[in-house]
Amino acid sequence: MADSVSVDMEAISPPPEEHIIRTRHGRVSVAVYGDQDKPALITYPDLALNYVSCFQGLLFCPEACSLLLHNFCIYHISPPGHELGAAAIDPDDPILSADDLADQIAEVLNYFGHSTVMCMGVTAGAYILTLFAMKYRHRVLGLVLVSPLCKAPSWTEWLYNKVMSNLLYFYGMCGVVKEILLKRYFSKEVRGSDYLSESDVVQACQRSLDERQSLNVWRFLEAINGRYDISEGLRKLQCRSLIFVGDMSPFHAEALHMTSKLDRRLSALVEVQACGSMVTEEQPHAMLIPMEYFLMGYGLYRPSKLSVSPRSPLSPSCISPELYSPESMGLKLKPIKTRISVEI
């Protein structure tokens, strides 16, 4: 009974406050959700998405919402021009690089007065946050990455992105672009077929894509298609990392590569079966148990198990070995498959 009351109280939190912040690299929209006295969790979505279309499924999961909002204030950072109701970016404004976007995050944290944060990003957003963590190591306490990127684009990805870039520039958010993006985000099962209708989450995503300013998406795509390989710098990260990837994601192999490059003592990989890249929307429930045990390493719990104040600073102490045990990470829970790296 106590659990259900706690979840309900978290679920009825007021809607996020929208902030438009001026940075050296242009304006950026940040939606602030929760009590700003709590530690900060920043999110960054994938290409052509914002926090509504990329993280709503996770936050609509009552247990996940309770876990996150009880312990954090969430700062949803949108790529430039991806926020709800965004106008087209001035064509004379320079196209930002991935480094520019990472530096922009540092300015956002300065604006809100946060020295350290927890980070959660999806695919392109995961790359930007990982790059931010590498450039500003002292400011990142942990990374929760969903179907992340860490290498330069393969020839196949580069070609797909170039086709999409040209279509966006000359024809806008047309049907072909949406089809490419949906394949990027979701597994075939939820995208539907001639015999099976699209799922509600895919239909909602399509409506969201229709609202995007195509040239703003083109700008973010140019930044991501021009990214460089950050693999060799990953082992220098001192923060803990939790990686989720759908086993049907086109970036599945890249997530495995990234995990192999991270410090084994501070990282874990959770493969979600029968799922595409956007685990936060397609199977958000699969993220709950791994995230809960991940956050326990910082002394953070769901309300019913709370033993320390969520307002106290997050501990930078070493990760406990039991955090990544198969039992803790939900090995027995379908559809989760967990890979644990073990020191020999």
Colleague: Using the rule that two of Ile, Leu, Val, Met, Phe, Trp, Tyr join whenever any of their side-chain heavy atoms come within less than 4.5 Å, decide whether Met278 and Leu256 are in one cluster.
Modeller: yes
Colleague: What residues, two or more places apart in sequence or in another chain, satisfy side chain to side chain contact (heavy atoms under 4.5 Å, CB included) together with Asp93?
Modeller: Ile89, Asp90, Arg219
Colleague: Show me the donor-acceptor pairs within less than 3.5 Å that the side chains of residues 115-123 make with the rest of the protein, sequence neighbours left out.
Modeller:
from	atom 1	to	atom 2	distance (Å)
Thr123	OG1	Ser147	O	3.2

Colleague: Would you call Asp210 and Lys178 a salt bridge, taking side-chain N to carboxylate O under 4.0 Å as the test?
Modeller: yes
Colleague: Do side-chain atoms of Asp263 reach the backbone of Arg235 as a donor and acceptor pair under 3.5 angstrom?
Modeller: no
Colleague: Who passes ring pair (Phe, Tyr, Trp, His ring centres under 6.0 Å) against Phe112, sequence neighbours left out?
Modeller: His19, Tyr75
Colleague: Going by atom types alone, do His252 and Glu271 pair a side-chain donor with an acceptor below 3.5 Å?
Modeller: yes
Colleague: Do other residues, nucleotides or ligands put more than 12 heavy atoms under 6.0 Å from Tyr169 OH?
Modeller: no
Colleague: Judged by modelled atom types alone, do Ser231 and Asp229 share a side-chain donor-acceptor pair under 3.5 Å?
Modeller: yes
Colleague: Sequence neighbours excluded, which residues qualify as side chain to side chain donor-acceptor pair (under 3.5 Å) partners of His76?
Modeller: Thr43
Colleague: With a 3.5 Å cut-off and no angle check, do the side chains of Tyr298 and Asn71 form a donor-acceptor pair?
Modeller: no
Colleague: Do Ser187 and Arg191 have a side chain donor and acceptor closer than 3.5 Å?
Modeller: no
Colleague: Would you name the heavy atoms of Tyr127 and Ala98 that are closest together and state the gap between them?
Modeller: CE2-CB, 3.7 Å
Colleague: Can you hop from Leu221 to Tyr228 via hydrophobic side chains spaced under 4.5 Å?
Modeller: yes
Colleague: I'd like to know if the side chain of Gln283 and the backbone of Gln273 have a donor-acceptor N/O pair within less than 3.5 Å.
Modeller: yes
Colleague: Do Lys38 and Asp35 come within less than 4.5 Å of each other through their side chains, counting heavy atoms only?
Modeller: yes
Colleague: How about Leu168 and Leu215: do any of their side-chain heavy atoms sit closer than 4.5 Å?
Modeller: no
Colleague: Look at the side chain of Asp103 and the backbone N and O of Asp100, then say whether any donor-acceptor pair between them is shorter than 3.5 Å.
Modeller: no
Colleague: Is His82 reaching over with its side chain to a backbone N or O of Pro80, donor-acceptor style, under 3.5 angstrom?
Modeller: yes
Colleague: Answer yes or no: is there a donor N or O on one side and an acceptor on the other, between the side chain of Thr130 and the main chain of Ala126, under 3.5 Å?
Modeller: yes
Colleague: Centres of the Tyr136 and Phe132 rings: under 6.0 Å?
Modeller: yes
Colleague: Quick one: does Leu68's side chain get under 4.5 Å of Leu58's, heavy atoms only?
Modeller: yes
Colleague: Where the side chain of Arg240 meets the backbone of Val144, is there a donor-acceptor pair that is under 3.5 Å apart?
Modeller: no
Colleague: Considering all heavy atoms of both residues, which atom of Ala286 and which atom of Val272 are nearest to each other, and what is their separation?
Modeller: CB-CG1, 3.8 Å
Colleague: Do Lys151 and Glu254 sit within salt-bridge range, that is, some charged N less than 4.0 Å from a carboxylate O?
Modeller: no
Colleague: Does Arg207 have any side chain to side chain donor-acceptor pair (under 3.5 Å) partners at least two apart in sequence or in another chain, and if so, which?
Modeller: none
Colleague: Going by atom types only, do Ser277 and Ser249 share a side-chain donor-acceptor pair under 3.5 Å?
Modeller: yes
Colleague: Should the pair Glu232-Lys261 be classified as a salt bridge under the 4.0 Å nitrogen-to-oxygen rule?
Modeller: yes
Colleague: Would you find a donor on one side and an acceptor on the other, under 3.5 Å apart, between the side chain of Glu17 and the backbone of Val30?
Modeller: no
Colleague: Can you name the closest pair of heavy atoms from Ile105 and Ile42 and give their distance?
Modeller: CG2-CD1, 3.7 Å
Colleague: Only counting residues at least two apart or in another chain, list the ones meeting side chain to side chain donor-acceptor pair (under 3.5 Å) with Gln213.
Modeller: none
Colleague: Counting only heavy atoms not in Arg27, do more than 12 fall under 6.0 Å of its CZ?
Modeller: no
Colleague: With a 4.5 Å heavy-atom cut-off, do Glu282 and Phe186 have their side chains touching?
Modeller: yes
Colleague: Of all the heavy-atom pairs spanning Arg227 and Glu157, show the shortest one and how long it is.
Modeller: NH2-OE1, 2.8 Å
Colleague: Other residues, nucleotides and ligands only: do more than 12 of their heavy atoms fall within 6.0 Å of NZ on Lys183?
Modeller: no
Colleague: Salt-bridged, Asp99 to Lys135, with N to O below 4.0 Å?
Modeller: yes
